[in-house]
Amino acid sequence: MPDIAYIDIKYLPGVGPKKADLLNKELGIYSYRDMLYYFPYKYIDRSKTYRIKEIDGNMPYIQLRGRILAYSTQGEGARRRLTATFSDGTGTVELVWFKGIRFITDKYKPGNEYTLFGKPTLFNGKINIAHPELDHVDDILDRNTGLQGYYTTTEKMKNNFLNSKGLQKIIYNLWNSLQGPLEESLSDEVINRARLIGINDAIRNIHFPLSVDKLRLAEFRLKFEELFYLQLHILRYTQLRSRKLGGFVFKHIGDYFNSFYHDVLPFELTEAQKRVIREIRSDVGSGRQMNRLLQGDVGSGKTLVALMCMLMALDNGFQACLMAPTEILATQHYETIRQLTEPIGIRTGLLTGSTRKKERETLLNELLTGEIHLLIGTHALIEDTVNFSNLGMVIIDEQHRFGVAQRAKLWKKNKIPPHVLVMTATPIPRTLAMTVYGDLDVSVIDELPPGRKPVQTLLQYDNKRSTLYTSLRRQIELGRQIYIVYPLIQESEKSDLKNLNDGYNHIREVFPEYKVCMVHGKMKPAEKDTEMQKFASGEAQIMVATTVIEVGVNVPNASVMVIENAERFGLSQLHQLRGRVGRGADQSYCILMTSYKITQDTRKRLEIMAETNDGFRISEADLQMRGPGDMEGTQQSGIAFNLKIANIAKDGQILQLARDMAREIIENDPYLEQPQHYILKKELNRLFAKQVNWSQIS
Ligand code: ADP
Ligand code: MG
């Protein structure tokens with residue numbers, strides 16, 4: 001049989017150029033193979049056929065079998081509708097169509113026997129079914145099964161007879177026209193060890209299940225395969241990379257590290273911080289280039305760990321840099337780090353988009369000569385003009401804000417790539433980390449510094465605003481400061497900006513006796529700085545802001561975070577915002593304001609925030625509810641998140657199994673050269689041939 005990956009779908013009888021064009025454009029289906037790998041998104045059990053006398057208006061979708069007795073039309077123009085009386089001998093129901101009337105009366109003739117599928121509703125004391133699906137009984141595919149697959153289509157496709165059923169027919173014809181069995185796409189070894197069914201069995205049952213059990217086995221096989229190849233791909237390149245690339249060896253812990261630890265560090269490190277530093281120490285001493293992801297909840301003390309890693313580099317004669325996603329954050333890191341390290345003779349530079357030309361020139365010169373030890377900054381760091389004397393360690397804060405390509409540029413700042421530590425404060429569910437950051441080693445700080453009181457989170461409706469203001473006033477009287485955050489999803493959205501401005505004015509009217517400042521992303525850096533400074537110094541009691549304050553801003557005296565239209569934020573984002581308070585010794589509060597009219601789901605989502613402060617639990621819930629495509633970080637990750645059948649949120653166990661097996665194979669045969677791995681290598685090359693080789697960049 002010719003390889004079905006190379007047969008154009010347009011050659012399948014019943015498809016032709018026009019439909020093929022739609023399949024190409026709407027679904028990315030080009031070949032026979034693509035079509036066979038377009039799977040149903042749900043199945044409906046059609047094994048049971050009801051009798052009309054059994055049905056009532058409360059039933060979900062049901063199946064009937066009977067004949068149309070007669071048609072009639074009512075109404076005029078746009079309000080015209082078609083009704084038909086449908087009978088199976090035990091009773092009658094009324095079928096109703098509001099459009100496509102000509103098509104229906106042409107296609108479905110009174111007297112013929114049809115299978116009907118639809119949702120009965122009670123209307124004016126009669127049961128009717130609007131826009132039912134009708135099939136001539138002889139047309140039903142595969143009568144021996146009750147499970148019918150439903151395929152996602154688009155409006156354009158539906159208008160050209162490519163609805164779910166149209167696709168099903170194409171796949172059915174394709175399947176029956178195949179000249180022989182499909183070539184197996186996994187090795188015997190993998191099939192046996194994971195107890196998978198063969199590819200032919202799987203493809204057949206995923207489209208036309210012979211039973212529920214068969215369907216489950218087919219799903220398992222196809223999900224496993226998908227995740228397995230993804231993991232094999234990630235692990236193969238990670239392995240090859242670490243074999244190919246040496247890293248700087250940081251031989252010793254020296255003066256900078258030790259004097260910082262003993263003389264400067266104002267507190268004891270938490271056990272988790274110590275453990276992570278040990279993990280990093282072992283990486284940088286190994287001779288391999290470190291690529292590590294550091295996860296830790298907001299406020300868990302990642303910055304300090306980052307600093308101590310940079311000191312390891314300095315102690316071994318290297319420079320280090322730290323890149324942060326915003327100017328506010330970079331500046332803040334710079335201030336903190338400079339204060340802590342100046343006393344032990346370290347020179348730190350700050351480079352952002354608003355660094356003046358002259359300053360910049362001096363800075364770049366001093367970087368080249370090695371006079372500057374640490375460089376902190378924003379994206380400005382990755383520009384080609386920024387060159388180091390000897391860069392040994394790169395830290396990237398809030399990784400999810402950066403793309404893989406940006407990481408890559410930092411790699412290239414030295415001949416031998418520097419060690420890389422990426423940090424994220426949005427905890428990533430384990431399963432997502434395995435795919436999105438599958439090539440990185442992971443360290444976790446799972447402990448907060450002692451003495452923190454967990455932030456109390458409350459949901460409040462808009463109509464309780466006056467109570468809110470009373471409590472805010474009380475907090476200010478106690479000497480605390482307050483953040484009020486407005487959603488600004490796109491910094492360019494005018495209406496959002498108006499919201500923010502209105503909010504600002506409103507707050508100033510409500511609190512005339514206090515000073516209110518405002519920060520948003522559209523401001524000039526200097527302006528932003530002035531406003532931030534007002535709040536940081538305590539001059540302003542209230543800060544009205546957008547999510548620009550989401551990451552990293554540190555004002556320990558701020559103890560209340562009010563989030564307006566909380567329903568418009570993702571959970572991880574809310575968690576980040578909440579992390580801006582609870583940094584001092586006082587009890588802190590986070591108040592999520594919503595309108596009274598929110599859906600059940602939204603309420604559930606927000607209630608999770610009130611229930612827990614655990615970032616990992618929150619991100620897990622976020623993943624379950626929103627799916628991986630919407631999670632922060634997945635878009636920039638470099639992995640196309642177009643899984644066909646597996647679901648990162650739900651198939652964690654399969655993922656783990658697939659990863660373990662992939663790892664074992666790669667560890668024994670990194671180049672997949674052994675004969676039993678031939679299929680795997682071939683499949684991998686086919687699947688990932690088109691992708692950028694991001695092995696070298698993450
Ligand atoms: P993250 O970046 O993980 O959100 P930070 O590094 O900004 O957290 O730390 C939050 C605050 O906790 C900072 O003020 C920092 O000085 C403080 N901190 C960090 N580690 C400790 C520790 N071991 N003990 C006490 N305070 C700590
Ligand atoms: Mg931080």
Side-chain angles (χ1 to χ4, degrees), residues 234 238 269-284 290-310 322-325 329 333 393-404 406-407 419-449 452 454 550-552 570-580 582-583 608 612-624 626 628 631-639 648-649 652 655-656 659 698:
I234 293 170
T238 311
L269 293 176
T270 63
E271 285 309 310
Q273 283 171 318
K274 287 182 192 165
R275 188 189 66 235
V276 168
I277 288 174
R278 278 198 301 270
E279 286 167 355
I280 293 167
R281 170 80 194 102
S282 127
D283 279 358
V284 297
M290 173 173 80
N291 265 290
R292 191 170 275 281
L293 172 71
L294 173 56
Q295 292 202 63
D297 221 331
V298 197
S300 60
K302 293 185 293 296
T303 313
L304 208 67
V305 169
L307 173 57
M308 296 184 71
C309 293
M310 296 198 282
L322 188 162
M323 179 164 79
L329 194 50
H333 279 322
M393 168 77 73
V394 167
I395 316 262
I396 303 176
D397 197 13
E398 311 297 347
Q399 160 64 27
H400 64 279
R401 296 294 182 100
F402 293 107
V404 177
Q406 289 164 321
R407 259 199 274 166
H419 296 296
V420 178
L421 180 71
V422 303
M423 308 198 289
T424 169
T426 308
I428 306 160
R430 217 172 41 88
T431 54
L432 202 57
M434 271 192 247
T435 34
V436 179
Y437 299 111
D439 61 326
L440 305 183
D441 296 311
V442 180
S443 289
V444 180
I445 305 188
D446 49 7
E447 181 188 356
L448 293 180
R452 299 266 173 85
E550 174 189 339
V551 281
L571 287 187
S572 298
Q573 214 177 6
L574 289 174
H575 182 63
Q576 280 282 319
L577 286 168
R578 178 166 63 184
R580 298 307 107 214
R583 306 198 141 222
I608 291 172
T612 182
N613 282 304
D614 178 343
F616 281 94
R617 264 193 67 199
I618 289 169
S619 70
E620 189 65 51
D622 216 15
L623 175 63
Q624 298 294 341
R626 293 199 298 167
M631 298 286 290
E632 268 184 286
T634 55
Q635 283 95 341
Q636 302 100 307
S637 74
I639 290 187
I648 299 287
L655 175 58
Q656 186 69 58
R659 185 174 173 90
S698 39

[X] versus [Y], closest heavy-atom pair with distance:
X	Y	result
Leu448	Ser300	CD2-CA, 3.8 Å
Ala621	Ile608	CB-CD1, 3.6 Å
Pro454	Asn613	CB-ND2, 3.5 Å
Pro449	Gly299	CD-O, 3.4 Å
His419	Met290	ND1-N, 2.8 Å
Leu421	Cys309	CD2-SG, 4.1 Å

Reported [atom1]-to-[atom2] distance for the pair [X] and [Y], which is rounded to 0.5 angstrom:
X	Y	atom1	atom2	value
Asp622	Glu620	CG	CD	10.0 Å
Met423	Leu322	CE	CG	5.5 Å
Arg452	Arg583	CZ	CZ	6.5 Å
Asp297	Thr424	CG	OG1	10.0 Å

Side-chain donor-acceptor pair under 3.5 Å between His333 and Asp397, yes or no? yes
Would one find more than 12 heavy atoms of other residues, nucleotides or ligands at under 6.0 Å from atom CZ of Arg275?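 Atom CZ in Arg275 is packed in, count exceeds 12.
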Hey, does [Y] have a side-chain heavy atom less than 4.5 Å from the side chain of [X]?
X	Y	answer
Asp441	Glu279	no
Val394	Met323	no
Ile280	Met308	no

Is there a donor-acceptor contact under 3.5 Å from the side chain of Glu447 to the main chain of Thr270? no
Please lay out, stage by stage, how Lys274 and Glu271 fare under the test salt bridge (Lys or Arg N to Asp or Glu O under 4.0 Å). CA-CA 5 Å; Lys274 287 182 192 165; Glu271 285 309 310; 3.5 Å; yes
Sort out for me which residue in Val444, Ile445, Ile395 forms a side-chain contact (heavy atoms from CB on, under 4.5 Å) with Leu294.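 That would be Ile445; it is the only one of Val444, Ile445, Ile395 passing the side-chain contact (heavy atoms from CB on, under 4.5 Å) with Leu294.
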When Val276, Leu440, Asp283 are each screened for side-chain contact (heavy atoms from CB on, under 4.5 Å) with Arg292, the one that passes is Asp283
